[in-house]
Amino acid sequence: MSRRLPRARGEGPWPWLAAGSVALSLLMLGGLLALLAVRGLGHFWPASVEQVALADGRLLAGQAVREERRFDGEGRERLYRTDNRDLDGGIWTWVAVEAIERVETPRELLVLERRRWGSFVGRLVAMEGADGRHAGEAAWPALKARLAEIQALRRERDELRDRVVVPLVRRLEQEAGSRAELAEANARIRGLQARMGGDTLVLESVDGRRLEQPLEEVLRAWRPNAMSPLDKLAAWGQGVWRFLAEGPRAANSAGGVWPAIFGTVLMVLLMSVVVTPFGVLAGIYLNEVAHQGPLTRLVRIGVRNLAGVPSIVYGVFGLGVFVYGIGGSLDEWFFAEALPSPTFGTGGLLWASLTLALLTLPVVIVATEEGLARVPDHQREGALALGATRMEMLTRVVLPMTMPAMLTGLILAVARAAGEVAPLMLVGVAKLAPQVPVDGDFPFLHLERKFMHLGYHIYDVAFHGGDVQAALPLVYATALLLVLVILVLNLTAIFLRHHLRARHGALPRH
């Protein structure tokens with residue numbers, strides 16, 4: 001005869017409700033990541049270009065974006081991205097679905113990504129250059145070959161500018177020999193620029209309007225309707241790589257986000273280096289050294305209240321104390337010859353890192369104190385009874401057991417600091433800073449320079465761009481990248497925390 005186990009006190013629907021809440025939260029998080037991935041990564045897929053014939057005889061070509069019901073409720077409209085800003089004055093066209101007579105996908109339609117005026121959608125009529133005129137079907141292979149040469153020359157020019165010209169300009173006032181080297185490097189750049197010119201594309205839109213396009217202004221060209229799925233997959237991978245490895249252009253509405261990735265990671269690492277020792281030492285002092293009286297309790301209350309202060313307040317503090325106060329004093333003491341142009345008296349990487357370190361300091365202090373409070377007193381008493389000094393007891397027994405809690409505080413600090421934008425707008429972030437703060441010139445790490453940040457880049461692209469609809473895919477892609485950067489930083493700290501917990505033993509949960 002089976003016996004039914006007695007129900008534990010307090011049991012009922014609450015465990016199931018808690019489990020359901022966790023499952024729902026995970027589903028919402030998965031849905032958010034899926035939305036960012038689909039909308040962001042889908043931007044780099046070379047979608048097919050449709051040629052649309054309308055009932056009134058007009059022709060247009062573009063990529064179908066979405067379809068919606070009209071405001072009056074009668075019929076539906078389809079949004080096409082037609083590009084050709086220099087011909088039409090805009091890149092979007094709404095078309096009534098009932099007005100569409102025919103939709104085709106001709107293989108000869110091409111898309112050109114240009115430095116100015118955005119992309120072009122149409123047909124290639126001819127390419128004219130020093131080696132003659134290529135018309136008809138012969139123009140496409142000639143364009144691909146010449147464009148590959150121009151891209152190689154452009155990479156050589158950019159590398160020469162970034163690795164030779166820019167460092168020489170910075171050393172020009174210190175070394176007399178830099179002037180001759182700079183003139184030689186500039187001459188080489190002018191030679192490369194001349195080799196890129198001389199070619200012109202004759203283009204035609206689907207409605208018959210012609211346009212002459214200098215080839216040196218074209219970045220890439222492809223025929224999406226003639227590409228196989230493998231070709232599109234390869235083009236998608238190249239687009240994602242360019243997004244990760246290149247710098248922004250066209251007022252941040254195109255190009256990549258490499259300077260923003262580098263700036264975000266470097267700022268978080270510098271913030272972690274600063275906040276960890278100060279937060280850990282403060283937590284050790286409050287829990288292990290200071291007399292536990294009214295003053296210590298008041299300090300604890302103050303630390304916990306600081307964790308709830310709005311981040312923009314820390315930005316104002318950093319601007320007044322770090323930038324104008326300390327930075328202005330450093331300029332007067334060490335960089336007087338450069339004044340009135342500020343060196344440290346303006347926003348930069350150092351002041352942004354210190355401001356975020358101050359912002360996340362309460363989190364590390366509280367986590368350290370919680371970890372120290374969980375160490376059983378018999379561990380301390382046993383170490384002291386075996387003859388260890390108080391310092392040896394702290395460094396060899398208590399702190400190793402508290403290390404996972406300290407890393408938990410650091411994980412929370414990294415997660416908050418990496419996503420903060422408001423204080424950075426006051427203490428050093430820039431809309432465009434293509435040169436990263438690390439280079440080959442001494443002291444190699446330039447803390448006084450401005451930097452780019454993924455969070456601010458999202459804000460700038462979404463709200464300061466001229467075309468919000470065109471910027472949305474880049475916003476989704478950058479937001480997904482920011483989440484992944486925070487995830488990688490947190491997973492690194494979590495892996496280290498688990499390693500230390502396995503090495504020194506996990507503390508019991510109370």
Given L474, T478, V461, L482, the one that forms side-chain contact (heavy atoms from CB on, under 4.5 Å) with V257 =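 Testing V257 for a side-chain contact (heavy atoms from CB on, under 4.5 Å) against L474, T478, V461, L482 leaves exactly one candidate, T478.
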
Got [X] and [Y] here, is their nearest side-chain heavy-atom distance under 4.5 Å?
X	Y	result
I312	P423	no
L426	V316	yes
L349	L445	yes
H457	T264	no
F451	L266	no
L41	W236	yes
L201	L112	yes
P342	E448	no

With the threshold set at 4.0 Å, does a side-chain nitrogen-carboxylate oxygen contact exist between [X] and [Y]?
X	Y	answer
R188	E184	no
R81	D83	yes
R70	E98	yes
R161	E159	no
R123	E108	yes
D86	R114	yes

Residue pair L233, W45: steps toward the side-chain contact (heavy atoms from CB on, under 4.5 Å) verdict = CA-CA 7 Å; L233 182 61; W45 184 263; 4.3 Å; yes

Yes or no on side chain to side chain donor-acceptor pair (under 3.5 Å) for S119 and E113, after CA distance, side-chain angles and deciding distance?
-> CA-CA 5 Å; S119 299; E113 183 180 352; over 6 Å; no

Report yes or no: does [X] contribute a side-chain atom to a donor-acceptor pair with the main-chain N or O of [Y] at less than 3.5 Å?
X	Y	value
H453	G455	yes
N225	P106	yes
K144	A139	no
D331	G345	yes
R115	E216	no
S21	L17	yes

Criterion salt bridge (charged side-chain N to carboxylate O under 4.0 Å, His left out) on R102 and E104, from CA distance to verdict | CA-CA 7 Å; R102 187 174 64 257; E104 301 173 332; 3.2 Å; yes

How long is the span from the [atom1] atom in [X] to the [atom2] atom in [Y], to the nearest 0.5 Å?
X	Y	atom1	atom2	answer
R195	R154	CZ	CZ	13.5 Å
I411	I494	CD1	CD1	4.5 Å
L269	S353	CG	OG	9.0 Å
H134	D199	NE2	CG	8.5 Å
L484	L454	CG	CG	10.5 Å
E246	D158	CD	CG	9.5 Å

List the steps, then state whether side-chain contact (heavy atoms from CB on, under 4.5 Å) holds for M127 with V202.
-> CA-CA 6 Å; M127 189 183 81; V202 180; over 6 Å; no

Are Y459 and Y456 an aromatic pair by the rule of ring centers under 6.0 Å?
->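 Aromatic pair counts; centres sit under 6.0 Å.
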
Exercise: identify the closest heavy-atom pair between [X] and [Y]:
X	Y	result
M267	A417	CE-O, 3.9 Å
A357	V275	O-CG2, 3.4 Å
L147	A221	CD2-N, 3.7 Å
V206	A61	CG1-CB, 3.5 Å
V414	S272	CG2-OG, 3.6 Å
M227	P46	CE-CG, 4.0 Å

I would like to know whether D88 and R209 meet side-chain contact (heavy atoms from CB on, under 4.5 Å); could you show each step before the answer?
-> CA-CA 11 Å; D88 302 327; R209 291 174 294 172; 2.6 Å; yes

Parallel, tilted or perpendicular: rings of F344 and F335 (30°, 60°) |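 If you compare the ring of F335 with that of F344, the planes turn out tilted.
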
Sorted by first residue and then second, give each salt bridge (charged side-chain N to carboxylate O under 4.0 Å, His left out) pair with at least one member in residues 36-63; sequence neighbours left out.
->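 Pairs touching residues 36-63 that pass the test: D56-R58.
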
Looking just at side-chain N and O atoms, do T82 and N84 make a donor-acceptor pair shorter than 3.5 Å?
->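 T82 vs N84: no donor-acceptor pair found between side chains.
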
Is it the case that E212 and T200 place a side-chain donor and acceptor less than 3.5 Å from each other?
->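 Distance-only check fails for E212 and T200.
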
Verify side-chain contact (heavy atoms from CB on, under 4.5 Å) between L79 and W92, making sure each step is shown before the conclusion.
-> CA-CA 7 Å; L79 178 63; W92 305 101; 4.0 Å; yes

More than 12 heavy atoms of other residues, nucleotides or ligands under 6.0 Å from [atom1] of [X]: yes or no?
X	atom1	answer
W117	CH2	no
F44	CZ	yes
R66	CZ	yes
R133	CZ	yes
W94	CH2	yes

R223 to W140, cation-pi by 6.0 Å centre distance and 45° axis angle =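 Flagged: R223 positioned over aromatic ring of W140.
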
